[in-house]
Amino acid sequence: MTDDELVLAVRAHVAGRGLPGPASVKDVAGFEQLVGHPMPDLLKRMYLEVANGGFGPKKALSLTDTGHWFSDRADLAMAYQDFAADPGYPPPPGIVPLMDRGCAMWTLIDFRTADGQMWDWDPNLCCLSHALAPLERSLAHWLTDWLRGVMPDGPYPQRELSSRDCPNR
């Protein structure tokens, strides 16, 4: 799917769910300044053309506090700052928590990559030092999997396999 097709497909998929309206260009620019990297283009389009949060398999956090909470954090800035403040295992700068998957699991996106490479945070598979791992999927691929109904509900299968080698298990 092209980015245009993905934006239309996601918009159709979430229609009627009472999501917040699209974010503003100012909201996007403010968050990019906080992260220190530009937002991947497709993610920017999702926020500007679909909704300010609530899209995706576990509902992306809003860029700003819209009153619609899709996590125990009000918005993406709060989640990013909470992750960055973790003295033990902060993600690298530019890796942004996008969706709270429950049970301490998060889906993150890499703002350092133009296509928005997706990452997983799952401390339940082995240990905190191995909780963060790349999913080897772009945002486009990841959203396409969701739209096709092939997104796992629990741990990502490739992560379960890699955690077997964790020395801290």
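Position 1 is the first residue of the sequence; numbering continues from there.
The two residues Leu48 and Ala23 have their closest heavy-atom pair at CD2-O, 3.4 Å. Nearest approach of Ala9 to Leu147, heavy atoms of both residues: CB-CD1, 3.7 Å. Heavy atoms only, all atoms of each residue included: Gly56 and Leu143 are closest at CA-CD2, 4.4 Å. Residue Gly94 comes nearest to His37 through the heavy atom pair CA-CD2, 3.7 Å, listed as atom of the first residue, atom of the second, then distance. Among all heavy-atom pairs drawn from Ala114 and Pro40, the shortest one is O-CB, 3.6 Å. Of all non-hydrogen atoms in Ile95 and Pro97, the two that sit nearest each other are O-CD, 4.0 Å.
Of the possible polar contacts, none joining the Thr107 side chain to the Leu98 backbone as a donor-acceptor pair under 3.5 Å is found. The main-chain N or O of Glu49 is found under 3.5 Å from a side-chain atom of Arg11 such that the two form a donor-acceptor pair.
Note that CZ of Arg45 and CE of Met39 are 14.0 Å apart. Values are rounded to the nearest 0.5 Å. We find the CH2-CG distance between Trp119 and Asp110 to be 6.5 Å, quoted to the nearest 0.5 Å. Separation of atoms CE (Met99) and CH2 (Trp142) is listed at 3.5 Å; rounding is to 0.5 Å. Remark: Asp65 CG to Leu76 CG distance equals 12.5 Å, nearest 0.5 Å. For the atom pair CE (Met46) and CG (Leu63), the distance works out to 13.5 Å, reported to the nearest 0.5 Å. Rounded to the nearest 0.5 Å, atoms CG (Asp27) and CG (Asn52) are 6.0 Å apart.
Two residues are said to be in side-chain contact when any heavy atoms from C-beta on lie closer than 4.5 Å; Gln117 and Pro134 fail this criterion. Annotation: side chain of Phe83 is in contact with side chain of Trp106 (closest heavy-atom distance under 4.5 Å). No side-chain heavy atom of Met118 sits less than 4.5 Å from a side-chain heavy atom of Ser138. Between Leu42 and Asp115 the shortest side-chain heavy-atom distance does not fall below 4.5 Å. Two residues are said to be in side-chain contact when any heavy atoms from C-beta on lie closer than 4.5 Å; Pro20 and Thr64 fail this criterion.
Residue Arg17 places its CZ atom among more than 12 non-hydrogen atoms of other residues, nucleotides or ligands, all under 6.0 Å distant.
Under the 4.5 Å side-chain contact rule for hydrophobic residues, Leu43 and Leu8 do not share a cluster. Under the 4.5 Å side-chain heavy-atom criterion for Ile, Leu, Val, Met, Phe, Trp and Tyr, Met78 and Leu108 are members of distinct hydrophobic clusters.
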Could you give me the CA-CA distance, side-chain angles and deciding distance for Val10 and Trp146, then say whether side-chain contact (heavy atoms from CB on, under 4.5 Å) is met? CA-CA 9 Å; Val10 170; Trp146 167 61; 3.9 Å; yes

Given the rule in the ring-ring contact (aromatic ring centres under 6.0 Å, His included) test, do Phe111 and Tyr80 qualify, once you have shown the distances and angles that lead to the verdict? CA-CA 12 Å; Phe111 275 41; Tyr80 181 71; 7.7 Å; no

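For Glu32, the side-chain hydrogen bond (donor to acceptor under 3.5 Å, both in side chains) partners are Lys44, not counting sequence neighbours. In this view, Lys59 satisfies the salt bridge (Lys or Arg N to Asp or Glu O under 4.0 Å) rule with no residue, not counting sequence neighbours.
Between Arg101 and Asp122 there is no salt bridge, since no side-chain N of the basic residue sits under 4.0 Å from a carboxylate O of the acidic one. Taking the charged nitrogens against the carboxylate oxygens, Asp145 and Arg137 do have a contact shorter than 4.0 Å, which makes a salt bridge.
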